[in-house]
Amino acid sequence: MPGRQFFARDAVTVAAQMIGLEITFGGVGGLIVETEAYLPDDPASHSFKGPTRRNASMFGPPGTSYVYRSYGLHWCLNAVCLKGSAVLIRALEPTTGLDRMAARRGTSSAAVLCAGPGRLAAALGITGEEDGLSLLAPPFALRLSGAAPGLVIGPRIGITRAAEMPWRFGWQGSRFLSRPFGAAASVSKADEIG
DNA sequence: GGGGAGATTATCT
DNA sequence: GATAATCTCCCCG
């Protein structure tokens, strides 16, 4: 079971190694199939210009949650790594609590329950209330699934600054991704990152 | 103190 | 594909 040391590393390394982990919140969740890394000196990162009330959690201890509101209406869940860096969890393959997630999302299609950061947070019932909580303690739970997926690596989604950096990681071949990886994507293995 | 942009998504054409 | 929904913070004045 990943502990604080797992997150006390470079966010790019953690983002790669989080693919295949199982994360649950209140007994609901699934396998992480898509992540993105955000670094302290990264113009696309919320931490780039230093701490504010909104991003304060990004400067907390490794393993802290950072939940922010996106475009005024969606919530997005991150795992804090080294100070000022975090991994955005963008998509899950649902494994537990499918019925509760489907009820929250208003759809019964597993393929889109958690395919996207806003959808994922909605399915798990995560809001700003959970900002700053530890991911290493209940109601959160992390565990190694035993899966050893191939990794797809490509540019991050939905950003304008530093958009070319290949800091988006995916479970190769997963049908639960928020969006496909483009032709520019490359393939690797988790233990080759870092 | 105000205007604009942003790590998004559901819905309609 | 285009657009609306609408929060938080930055930056300029």
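So you know, we letter chains A, B, ... as the sequences are listed, proteins then strands, and number each from 1.
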Residues of [range] with any non-hydrogen atom less than 4.0 angstrom from an atom of DNA chain B: list those, numerically ordered, please.
range                       : value
residues 75-102 of chain A  : A/N78, A/L88, A/R90
residues 151-173 of chain A : A/I157, A/G158, A/I159, A/T160
residues 114-122 of chain A : A/G116, A/P117, A/G118, A/R119

Please evaluate residues A/I157 and A/R90 with respect to the criterion side-chain contact (heavy atoms from CB on, under 4.5 Å), reporting the C-alpha separation (whole Å), side-chain torsions for both, the decisive distance (0.1 Å), and the verdict. CA-CA 10 Å; A/I157 290 181; A/R90 291 190 52 91; 3.8 Å; yes
Stem list, DNA chain B (Watson-Crick or G-U pairing under 3.5 Å, at least 3 consecutive pairs):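 Expected stems, ordered by start: B:1-6 with C:7-12, B:8-12 with C:1-5.
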Working to the nearest 0.5 Å, report the span between [atom1] of [X] and [atom2] of [Y].
X      : Y      : atom1 : atom2 : value
A/N78  : A/S45  : CG    : OG    : 8.5 Å
A/L113 : A/L120 : CG    : CG    : 10.0 Å
A/L98  : A/R105 : CG    : CZ    : 12.5 Å
A/Q172 : A/L177 : CD    : CG    : 10.5 Å
A/E36  : A/I159 : CD    : CD1   : 6.5 Å
A/F48  : A/Y38  : CZ    : OH    : 14.0 Å

Looking at DNA chain C, which of residues 29-45 of chain A put a heavy atom within less than 4.0 Å of it?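 Close to the strand, none.
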Go through residues 47-71 of chain A and report each residue with a non-hydrogen atom lying under 4.0 Å from DNA chain C, sorted by number.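 A/K49, A/T52, A/R53, A/R54, A/R69, A/Y71 - these, ordered by number, are the residues of the stretch whose heavy atoms sit under 4.0 Å from the strand.
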With sequence neighbours excluded, tell me which residues meet side chain to side chain donor-acceptor pair (under 3.5 Å) with [X].
X      : answer
A/E93  : none
A/R119 : none
A/R4   : none

Holding to salt bridge (charged side-chain N to carboxylate O under 4.0 Å, His left out), I want the full list of residues that pass it with A/R156, two or more places apart in sequence or in another chain.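 Salt bridge (charged side-chain N to carboxylate O under 4.0 Å, His left out) list for A/R156, sorted by chain: A/D42.
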Do we see a donor-acceptor contact under 3.5 Å between the side chains of A/T107 and A/S109?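 No.
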A/D131-A/S57 side chain donor-acceptor pair, cut-off 3.5 Å: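 The answer is yes; a qualifying pair exists.
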Could you tell me whether A/Y68 and A/H46 have their ring centroids closer than 6.0 angstrom?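 For A/Y68 and A/H46, the ring centres are under 6.0 Å apart.
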Quick check for you: name the first and last nucleotides of DNA chain B, 5' to 3', having an atom under 4.0 Å from a heavy atom of chain A.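 Span of nucleotides near chain A: B/dG6 to B/dA10.
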Looking at residues at least two apart in the chain, or sitting in another chain, which of them share a side chain to side chain contact (heavy atoms under 4.5 Å, CB included) with A/L133?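 Here the qualifying residues are A/S65, A/E130, A/F140.
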Starting from P on C/dC9, measure out to NE2 on A/H46 and report it in whole angstrom.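 Roughly 10 Å, once rounded to whole Å.
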Any side-chain heavy atom of A/V80 sitting closer than 4.5 Å to one from A/F7?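 A side-chain contact is absent here, since even the closest heavy-atom pair is not under 4.5 Å.
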Decide yes or no on side-chain contact (heavy atoms from CB on, under 4.5 Å) for A/V87 and A/C81, but give the supporting numbers first. CA-CA 7 Å; A/V87 173; A/C81 301; 3.7 Å; yes
Are the side chain of A/S178 and the backbone of A/G116 linked by a donor-acceptor contact shorter than 3.5 Å?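 No, because the side chain of A/S178 does not come within donor-acceptor range (under 3.5 Å) of the backbone of A/G116.
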Which part of the nucleic acid does A/R105 contact within heavy-atom distance under 4.0 Å: base, sugar-phosphate only, or nothing?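 Sugar-phosphate contact only - A/R105 comes under 4.0 Å of backbone atoms but never of a base.
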How close do A/E22 and A/L31 get, counting heavy atoms only, and between which atoms?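 Nearest heavy atoms, A/E22 then A/L31: CB-CD2, 3.8 Å.
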Taking A/L135 as the starting point, is it possible to reach A/V67 by hopping between hydrophobic residues whose side chains are less than 4.5 Å apart?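 Yes.
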